[in-house]
Undergrad: 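Handing you a structure now.
We're numbering straight along the sequence, starting at 1.
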Amino acid sequence: MAPQAVADTSPPPTSTLHLTGLRNVRYCEIFLINPGPNKTTVYNTTGKDDCPTAQWNSMDPKAIAKQYHVQSVFKNGQRFWVLDSLIQANTKETNNFNGILATNWGLTTIAGSTPPPYTVQPVTRTSQWVYNSGTVIFELLAPGNKRYVMQAYSNIVNTSLKYDDLLQLGYMIHPPKGWTYKVEVLDHQLSLPTVNNGAQVVQDEFQDSYMLDTNPG
C-alpha cells in the first residue's frame, strides 16, 4: 500500500544527520514544491537508499504531488557525492516515494527549475560538507577569487559520467570567460559549512553541483 501523506499540522521532531564514507555514493532528491519563500520541502535519499534506477525512472512526479497535496514535484537525480562526510541539521521524517526511502532535509526556496549553467543559486540548508586530507577535490575558480568546490556529480545530463571522468572534466565543460576548472589533492581536511543557514551553489552544463567556499584562504 502506498504511504499516506503526512498532514501538516505540527512540525515533526528534528535531528542532526552525520554520515561518513560518502565519496561516489549515489543519491537522489525529491522536491515537494509550493510557492513562496521556504515552502519547498527537500527529501534526500542519503543514508536511507541508493536510489535504484528502475524505481527512480518510474517515479511519477504528478502522482507524488497529488499524494502530498503540493503544487508540483521536481526529481533531482541521480547524483553522486564527491565529498567524504556530511553533517545535515534539522532532518525530519523519512517517507517512501515509489519504493525509494528519502528523509526530509528541511525547507528551501528552490523553485525546482534548473538555472542556467554557472548561475549562482542560493540554497537554504544548515549543513557542513567535509573533504578528507589526501583526497581529490574538483573546483570551479571564478572571478573575484571565488572557489566553488564540487559537492556532487550528476547523471542527469550525461548518463554515463563516472567519478574517474571528473579528472578530465575540464576538457568536457565550457565555463564562462574568467572561470577555470581545477583538480586538486588536499593536504589538509577541508570543511565547507553553510553560512546563516544557506549556501551558494552553481552547476555546470552537466548539472554537477559546486558549493562556494566562503573561506578559500
Side-chain angles (χ1 to χ4, degrees), residues 17-31 40 42-53 56-57 74-89 91 100-103 105-106 108 110 112-132 135-142 147-170 172-173 175 179 181-184 186 189-194 198-214:
L17 186 68
H18 186 190
L19 295 171
T20 61
L22 293 178
R23 189 167 289 253
N24 208 29
V25 167
R26 184 173 62 190
Y27 74 97
C28 297
E29 292 179 321
I30 301 103
F31 292 78
T40 294
V42 180
Y43 281 84
N44 190 298
T45 65
T46 305
K48 295 294 183 180
D49 209 303
D50 69 349
C51 191
T53 300
W56 180 248
N57 289 344
F74 176 69
K75 294 164 58 179
N76 182 26
Q78 297 164 312
R79 294 186 171 277
F80 299 79
W81 290 115
V82 191
L83 44 79
D84 297 292
S85 61
L86 64 79
I87 300 171
Q88 173 69 37
T91 58
I100 296 176
L101 296 177
T103 300
W105 277 24
T108 188
I110 291 179
S113 60
T114 303
Y118 308 102
T119 300
V120 178
Q121 181 83 357
V123 177
T124 303
R125 66 169 186 250
T126 303
S127 62
Q128 180 172 315
W129 301 159
V130 178
Y131 302 77
N132 292 342
T135 61
V136 178
I137 61 171
F138 309 95
E139 308 162 292
L140 282 173
L141 306 181
R147 176 172 80 161
Y148 296 87
V149 181
M150 188 184 290
Q151 60 188 25
Y153 72 92
S154 164
N155 278 173
I156 298 171
V157 176
N158 184 347
T159 58
S160 63
L161 190 67
K162 305 296 184 186
Y163 179 83
D164 289 345
D165 297 331
L166 302 181
L167 294 171
Q168 305 298 324
L169 188 64
M172 303 165 66
I173 61 175
W179 292 60
Y181 182 81
K182 180 181 178 183
V183 179
E184 180 180 353
L186 290 172
Q189 178 177 283
L190 174 64
S191 177
L192 298 183
T194 51
Q200 301 293 316
V201 175
V202 299
Q203 294 185 342
D204 60 31
E205 51 265 60
F206 292 152
Q207 295 188 32
D208 308 314
S209 297
Y210 306 74
M211 176 179 169
L212 177 65
D213 182 357
T214 58

Undergrad: Just to verify, what does R125 make a side chain to side chain donor-acceptor pair (under 3.5 Å) with, not counting sequence neighbours?
TA: S127, Q151

Undergrad: Checking W179 against Y148 for the ring pair (Phe, Tyr, Trp, His ring centres under 6.0 Å) test, could you report, in this order, the C-alpha distance in whole Å, the side-chain angles of both residues, the deciding distance, and whether it holds?
TA: CA-CA 10 Å; W179 292 60; Y148 296 87; 5.8 Å; yes

Undergrad: Are V130 and Q189 close enough that some pair of their side-chain heavy atoms sits under 4.5 Å apart?
TA: yes

Undergrad: Go through N158 and Y153 one step at a time and tell me if the side-chain hydrogen bond (donor to acceptor under 3.5 Å, both in side chains) criterion holds.
TA: CA-CA 10 Å; N158 184 347; Y153 72 92; over 6 Å; no

Undergrad: How far apart are the closest heavy atoms of V25 and G21, and which atoms are they?
TA: CG2-O, 3.5 Å

Undergrad: Is a side-chain N or O of D208 found less than 3.5 angstrom from the main chain of S154, in a donor-acceptor match?
TA: yes

Undergrad: Extract all donor-acceptor atom pairs below 3.5 Å that involve side chains of residues 74-81 and protein atoms in other chains or at least two apart in sequence.
TA:
residue : atom : partner : partner atom : Å
K75     : NZ   : W56     : O            : 2.6
K75     : NZ   : M59     : O            : 3.2
N76     : OD1  : R79     : NE           : 2.8
N76     : OD1  : R79     : NH2          : 3.2
N76     : ND2  : E29     : OE1          : 2.7
Q78     : NE2  : C51     : O            : 2.8
Q78     : NE2  : T53     : OG1          : 3.2
R79     : NH1  : Q207    : O            : 2.6
R79     : NH1  : S209    : OG           : 3.3
R79     : NH2  : Q207    : O            : 3.0
W81     : NE1  : T46     : OG1          : 3.0

Undergrad: To check you understand the geometry: which heavy-atom pair defines the closest contact between P193 and M211, and what is its length?
TA: O-CE, 3.5 Å

Undergrad: Taking the side chain as every heavy atom from C-beta outward, state whether Y181 and L166 have any pair of such atoms under 4.5 Å apart.
TA: yes

Undergrad: Side chains of V82 and N24, heavy atoms from C-beta outward: is any pair under 4.5 Å?
TA: no

Undergrad: Only one of T135, L19, L22, T20 forms a side chain to side chain contact (heavy atoms under 4.5 Å, CB included) with D84, so which one is it?
TA: T135

Undergrad: Among residues at least two apart in sequence or on other chains, which ones pass side chain to side chain donor-acceptor pair (under 3.5 Å) with S191?
TA: Q128

Undergrad: Please examine the side chains of L186 and V136, heavy atoms only from C-beta on, and report whether any two atoms are closer than 4.5 Å.
TA: no

Undergrad: Hey, does T194 have a side-chain heavy atom less than 4.5 Å from the side chain of W129?
TA: no

Undergrad: Are the side chain of T45 and the backbone N or O of L101 linked by a donor-acceptor pair below 3.5 Å?
TA: no

Undergrad: Please examine the side chains of Y118 and L140, heavy atoms only from C-beta on, and report whether any two atoms are closer than 4.5 Å.
TA: yes

Undergrad: Answer yes or no: is there a donor N or O on one side and an acceptor on the other, between the side chain of Y210 and the main chain of V201, under 3.5 Å?
TA: no

